[in-house]
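This report refers to the structure that appears directly beneath it.
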Amino acid sequence: MSYDLFRQMIQDWANAGYLPEALAYGFVVNALLAGLMIGPVLGGLGTLVVVKRFAFFSEAVGHAALTAVAIGILLGEPYTGPYGSLFGYCLLFGILLNFLRNRTGLSPDTLIGVFLSVSLALGASLLLMLAGKINVHILENVLFGSVLTVSAEDLLVLGIVALLVVALAVPLYNRIMLASFNPQLAAVRGVAVKTLDYLFVVLVTLVTVAAVKVIGAILVGALLVIPAAAARLVSQSLKGFFFASVIIATLSTLLGILLPIVLDLPVPSGAAIILVAGLCFALAALARALVPRLQGNPA
Amino acid sequence: MTAAAKLASAGGPRIDFAGIDLTLGRTRILEQVQFSVAAGSVHAIVGPNGGGKSSLIKTLLGQMPHQGQLTVHWPSAAEVIGYVPQALEFDRGLPMTVDDFMAAMCQRRPAFLGLSRRVRGAIDQALAQVGMLDKRKRRMGALSGGERQRVLLAQGLIPPPQLLVLDEPMSALDEAGIQVFEQLLHAWRAAGTTVLWIEHDLQAVLRLADRVTGLSRQVLFDAPPAEALTPERLLSLFSVHPRSEGVA
């Protein structure tokens, strides 16, 4: 069954009243399917981002996507999905950053600060140069995400990236985590610490780029951080941490896509997703403050 | 089952350090380091901070480019090295229990899916040996320094190592923890495991090691502890400008 037939079936069921009314629109089905892929993958990978203290890095890669879009449009890629430049520039950004982190001895936050600002300056310059040539509303979509423009091609890219990330990150989860606890111990246990660091950078970059369409360049990094941070506040084990992060990220993505449509709010999907995730974080912080058991161990 | 049987391994390797030089930038870290670690012995390394002890360990573990000849004579094809670091770098608030940590160390299956059946027995046994079985559901960040050190010792037991490298394992241990460590050390010796042990506590070295090497950039002494740990030698080892006796 082709994807078009599947989508049509969902729309028919929504029209017949079996499913919520919003699903009668093809773009909503596309966006929700994208959300169902983005949420669990970003939520799960986010736990490693928090463990490895890569939050600032994932934010920076998201922002690099802005520059990548500008480069793509300049090079003549379609402005609705300049995936060549997005993957190319962001991967270059991430890998170069990691390479220099290993070579310069600068602390990661200093180096990311340099990369982020230079990349943003480049992106801003290019976008302003382009402003006369393209519809500036396109930039809004790139910056803050849009559910209206998620195409079957975007879903395919997202699906491939999601599969790749799951296939690599799940079997290597322990090793990626171990490498950050004590590189020497990890190496003795047969972990290729530096290679895994690069792999992790690549995975974060891939998933970030694939999610830019729905969440937007400005906020995509936040979905790698906020759900995991909220889950960390209320979990007592890695199991709880991982699955709570996946659930919060998925719930935030789906609600962030649906709520503006159902409530007819002129809010971009990316902002809505992050606001829902932020609310989850606030609730988690509140729960931790009110429930003593969440603050430590049972005796 | 005796503690020694639990730790049974194929017997440890002999290690020969011959003329090891290590320079980082412009700093000479190790200079013509030459000594041997006998197979199945408990060999302590003592010396001042910055004397090159940790660098020597890194060199042994293949993580430092060095000059000179470092040979490990493995008695069998299986080459299992265990390592107990001094500390772990992790966010103390991380929701990672002792079980989660052991799972992350010892199994391929992601730790968030719980302990795999294949390693559960070994992990149970290792935690029991270090007296941490009843604290396995505690968060790593909520443990005391000594308790965390015991967990680090426990991970060093899986898989049973032929060569075990210990980096100041007693630094955070309390009295009960020190007893646990001493029992483990006896068991390793009985199992024929080669133990290379960096230690600051000279009393413990005197009591427990088979041989001790004093390292301050170069080898200042290398002998059985009772012979090596004399006041004169220790004075020389821990003074700013040590003089080598050229003992190998």
Side-chain angles (χ1 to χ4, degrees), chain A residues 43-55 105 166 168-194 228-246 284 288 293-299, chain B residues 25 54-55 57-58 60-64 79-116 119 134-143 148 152 155-156 158-159 161 163-165 167:
Chain A
L45 199 63
T47 56
L48 284 175
V49 167
V50 167
V51 168
K52 289 175 76 73
R53 301 173 197 195
F54 259 51
V166 170
L168 287 170
V170 170
L172 293 172
Y173 191 91
N174 293 351
R175 294 176 160 245
I176 293 172
M177 196 164 65
L178 176 53
S180 68
F181 290 163
N182 187 305
Q184 202 161 320
L185 177 58
V188 170
R189 286 194 167 269
V191 177
V193 176
K194 283 195 174 161
R232 181 189 169 288
L233 286 177
V234 290
S235 313
Q236 297 299 314
S237 67
L238 271 186
K239 190 182 205 171
F241 178 42
F242 182 85
F243 289 107
S245 178
V246 167
R288 190 182 166 87
R293 198 174 61 82
L294 296 177
Q295 292 164 15
N297 288 283
Chain B
S54 294
S55 298
I57 295 293
K58 282 186 182 168
L60 172 64
L61 298 176
Q63 288 162 14
M64 281 278 182
E79 300 173 2
V80 185
I81 302 179
Y83 174 57
V84 177
Q86 219 174 335
L88 286 180
E89 266 295 313
F90 74 104
D91 168 9
R92 296 287 182 262
L94 189 68
M96 174 176 65
T97 63
V98 172
D99 264 351
D100 289 335
F101 173 74
M102 293 299 285
M105 288 287 149
C106 307
Q107 69 185 37
R108 281 289 179 102
R109 173 178 156 169
F112 59 79
L113 293 178
L115 290 178
S116 81
V119 297
D134 57 334
K135 290 179 179 164
R136 65 190 309 167
K137 298 292 176 205
R138 288 220 176 181
R139 285 162 67 138
M140 284 292 283
L143 299 178
R148 220 162 19 240
L152 285 176
Q155 65 77 31
I158 306 171
L163 167 61
L164 188 64
V165 179
D167 194 350

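Below, chain A is the first sequence line, B the second, and so on; all start at residue 1.
Residue B:Met140: no heavy atom, backbone or side chain, is found under 4.5 Å from chain A. The contact between A:Leu185 and chain B is made by backbone and side chain atoms together, counting heavy-atom distances below 4.5 Å. Within the 4.5 angstrom heavy-atom criterion, only backbone atoms of A:Ser180 (N, CA, C, O) approach chain B. Residue contact with chain A, scored on non-hydrogen atoms closer than 4.5 Å, is absent for B:Lys135. At a 4.5 Å heavy-atom cutoff, the contact between B:Leu61 and chain A is made by side-chain atoms alone. Both the backbone and the side chain of A:Arg232 have a heavy atom closer than 4.5 Å to some heavy atom of chain B.
More than 12 heavy atoms of other residues, nucleotides or ligands shown are found within 6.0 angstrom of NZ on A:Lys52.
With hydrogens and angles disregarded, a donor-acceptor distance shorter than 3.5 Å links the side chain of A:Asn174 to the backbone of B:Arg109. At distances below 3.5 Å, at least one donor-acceptor pair connects side-chain atoms of A:Asn182 with backbone N or O atoms of B:Ala87.
Between the CD atom of B:Gln155 and the CZ atom of A:Arg189 there is a distance of 4.5 Å, given to the nearest 0.5 Å. Atom CD of residue A:Gln184 and atom CD of residue B:Gln63 lie 4.5 Å apart, to the nearest 0.5 angstrom. With rounding to the nearest 0.5 angstrom, the NZ atom of A:Lys239 is 11.0 Å from the CG atom of B:Asp99.
For the side-chain contact (heavy atoms from CB on, under 4.5 Å) with B:Pro110, the qualifying choice from A:Leu172, A:Ile176, A:Val170, A:Leu238 is A:Val170, the only one to do so.
Under the 4.5 Å side-chain criterion, counting only non-hydrogen atoms from C-beta, B:Met105 is in contact with A:Leu178. Using a 4.5 Å heavy-atom threshold, the side chains of B:Leu94 and A:Phe181 count as touching.
When each of A:Ser237, A:Ala187, A:Ala186, A:Ala231 is checked for heavy-atom pairs under 4.5 Å with chain B, A:Ser237 comes out on top.
Nearest heavy atoms, B:Pro95 versus A:Ser235: CB-O, 3.4 Å.
Taking the six-membered ring for Trp and thresholds of 30 and 60 degrees, A:Phe243 and B:Phe112 have ring planes more than 60 degrees apart, a perpendicular arrangement.
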